[in-house]
Each structure stands twice: as C-alpha cells, then as structure tokens.
> 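One structure coming up, written as structure tokens, with questions to follow.
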Amino acid sequence: MKGIVLSLGIPKKGRFHLPDFRFLFRRYGILIAFAGVLLTGLALGAVYAQNADGRTLRSLDLLFTTNLDARLSQGVFGTFCACFASDFLFLFSIYLLGVAAWGIPFILLIVGFKGFGTGVTAGYLCLSHSLAGAGFYLLVLLPGTFLFCTALIRFSGVAFGFSRQMFRRSLSKSQTASSPRQELLSYSSRFFSALALTFIAALLDTLLWTLFAGTFNF
C-alpha cells in the first residue's frame, strides 16, 4: 500500500506543497503586473487627495466621482450615463492602444491613471467625511469600481499581448501565417466582453446610488 501511495505522488500526512510561483507568473504575470500598476496608482491618488483643492476635484469628476453634490442631484438615467461614460472612455482607450504597435507604455499609463483617480475618490471621501465617507465608498462606489477594474485589468492584458504582437509584426520581414483580420475580430470580441462587464458595473453603480446614496448626509 505504501508503494502505491508513493507511486501516485500523493503527499504524506502533514506535508503540503507550495504553489508553483514560476508557473503562476508565467501564466498570470501580465495580469499581476497590471494589478500592481493599478494599486500603485490607487496609493498615489490617496496620498494626493490630502492636498487636492476643489477645482482639481471638479475637473476630475468627468472620469471619477469627485463631485458628490453634482452626482447626488442627478436622476437615475443621469447617474447611469455618468458611470458608464467614464468607464467606457478608459476601456475604449485601451482598445485603441492595443491595436497600435507603440501602445504598451500608454496602456500602463491609463491603467495607472484609473488607479490614481480611484485613490483620489476614496481618499477625498474618507478625509472630507470621515466614517460616513468611508461607508459611502464601501457600500455605494466600491462594488461597481471593483467589477470594472477587474474587467479593465483582464482586457489590458489582452491589449498588451495584441500590441506586442503588432510591434513584432512591424519589425518582422517575413509574412505571418495567421490572418490579421481574424486576429482583430478575436481581439474585438474580447473588447465587447469587457464592455458587457462595464455595462453591468454601471448598472450596479446606478442601483447602489439609487438605493443608498440618499441615506448619507454630507
């Protein structure tokens, strides 16, 4: 029996195997890198929020939720449009940069800027409204933001790979066997999948704004 257990490779009692980190980084390294860029931007945005003035926050409200008075005065349709439009701009920019051979550094920059704006929003709410602001962010803004950021990171990894492929193709003198049209169609289908998640995230934002935003007194 002992020989059978050893031949099957079943670990002995009390032993465990660490995950193969090289395999994880080889398979998910790009996604981990983009998540790190977004979290770095988030941390920088939270620090910047301590010194941000009202004019700066109002100018960022097109892309982020930094003007609560304006957002709270909107109706359901206006809230949905504001949430979806800002996320769509980020996602569509990533899509266009993925088609370009030189798009990789700008993809990283946009993901970092999304994290920066998210950090500014969270930091502003917590600093200006203390526990009420933190509760508002966690209950109303975070679920939709988390869903969209997940879609953004996943699609950014796809755009990174497509842009790298375009760069290699622009330097190569040999003809590739794959069809560029077919590759673009596959890339575009991944974009529409991410866009569907963005739509769901905007719906979730709108629902939470409608249900809970009025319960917070700022």
Side-chain angles (χ1 to χ4, degrees), residues 31-94 106-156 194-218:
L31 298 181
I32 294 173
F34 276 113
V37 170
L38 189 139
L39 291 175
T40 301
L42 192 150
L44 293 175
V47 173
Y48 176 80
Q50 300 178 9
N51 301 316
D53 56 10
R55 179 179 298 178
T56 302
L57 294 173
R58 285 191 295 271
S59 65
L60 290 174
D61 190 58
L62 175 64
L63 298 175
F64 312 103
T65 308
T66 53
N67 189 349
L68 286 181
D69 294 334
R71 294 293 179 99
L72 289 171
S73 64
Q74 294 174 335
V76 175
F77 182 73
T79 300
F80 173 79
C81 290
C83 296
F84 182 76
S86 61
D87 291 345
F88 175 79
L89 287 175
F90 280 100
L91 193 67
F92 190 62
S93 298
I94 296 292
F106 297 98
I107 294 173
L108 292 168
L109 185 63
I110 288 180
V111 173
F113 184 63
K114 174 60 180 177
F116 176 82
T118 303
V120 169
T121 301
Y124 165 73
L125 286 172
C126 293
L127 291 172
S128 301
H129 306 289
S130 61
L131 290 178
F136 182 86
Y137 186 80
L138 292 174
L139 181 62
V140 178
L141 297 180
L142 183 59
T145 299
F146 179 81
L147 181 60
F148 172 70
C149 287
T150 301
L152 184 70
I153 289 172
R154 289 179 62 86
F155 183 69
S156 295
L195 189 62
L197 285 178
T198 301
F199 185 83
I200 295 173
L203 286 178
L204 180 60
D205 272 336
T206 304
L207 177 63
L208 294 176
W209 272 86
T210 304
L211 292 177
F212 301 112
T215 62
F216 291 87
N217 298 318
F218 296 130

> With sequence neighbours excluded, what pairs up with F80 under the ring pair (Phe, Tyr, Trp, His ring centres under 6.0 Å) test?
F84, F199
> Just how far is it from atom CZ of F34 to atom CZ of F155, taken to the nearest 0.5 Å?
10.5 Å
> Any side-chain to backbone donor/acceptor pair from S86 onto C83? Under 3.5 Å, distance only.
yes
> With rounding to the nearest 0.5 angstrom, report the CG to CZ distance, L141 to F136.
5.0 Å
> Sequence neighbours left out, what passes side-chain contact (heavy atoms from CB on, under 4.5 Å) with L207? Give chain and number order.
L211
> Roughly how far apart are I110 CD1 and I94 CD1, rounded to 0.5 Å?
4.5 Å
> Just jot down the side-chain contact (heavy atoms from CB on, under 4.5 Å) partners of T40, sequence neighbours excluded, or say none.
L44
> Who are the side-chain contact (heavy atoms from CB on, under 4.5 Å) partners of L204, not counting sequence neighbours?
P143, L208
> Who passes side-chain contact (heavy atoms from CB on, under 4.5 Å) against V47, sequence neighbours left out?
none
> With sequence neighbours excluded, what pairs up with F146 under the ring pair (Phe, Tyr, Trp, His ring centres under 6.0 Å) test?
none
> Restricting to non-hydrogen atoms, name the atom on L38 and the atom on C149 that form the minimum distance, rounded to 0.1 Å.
CD1-SG, 4.0 Å
> To the nearest 0.5 Å, how far apart are OG1 in T198 and CZ in F148?
5.0 Å
> Give every residue pair that meets the salt bridge (Lys or Arg N to Asp or Glu O under 4.0 Å) criterion with at least one member in residues 78-92, sequence neighbours excluded.
D87-K114
> For F212, which residues count as a ring pair (Phe, Tyr, Trp, His ring centres under 6.0 Å) partner, sequence neighbours excluded?
none
> CG of L91 to OG of S156: how many Å apart, nearest 0.5 Å?
8.0 Å
> Evaluate T121 against T145 for side-chain contact (heavy atoms from CB on, under 4.5 Å), listing each step before the verdict.
CA-CA 11 Å; T121 301; T145 299; over 6 Å; no
> Say you draw a straight line from OG1 of T150 to CG of L31; how long is it, rounded to the nearest 0.5 Å?
10.5 Å
> So, using ring pair (Phe, Tyr, Trp, His ring centres under 6.0 Å) as the criterion, who are the partners of F116 when residues are at least two apart?
Y48
> One pair to check against side-chain contact (heavy atoms from CB on, under 4.5 Å): T79 and T210. What are the steps and the verdict?
CA-CA 9 Å; T79 300; T210 304; 5.9 Å; no
> According to the salt bridge (Lys or Arg N to Asp or Glu O under 4.0 Å) rule, which pairs have a member within residues 119-142, sequence neighbours left out?
none
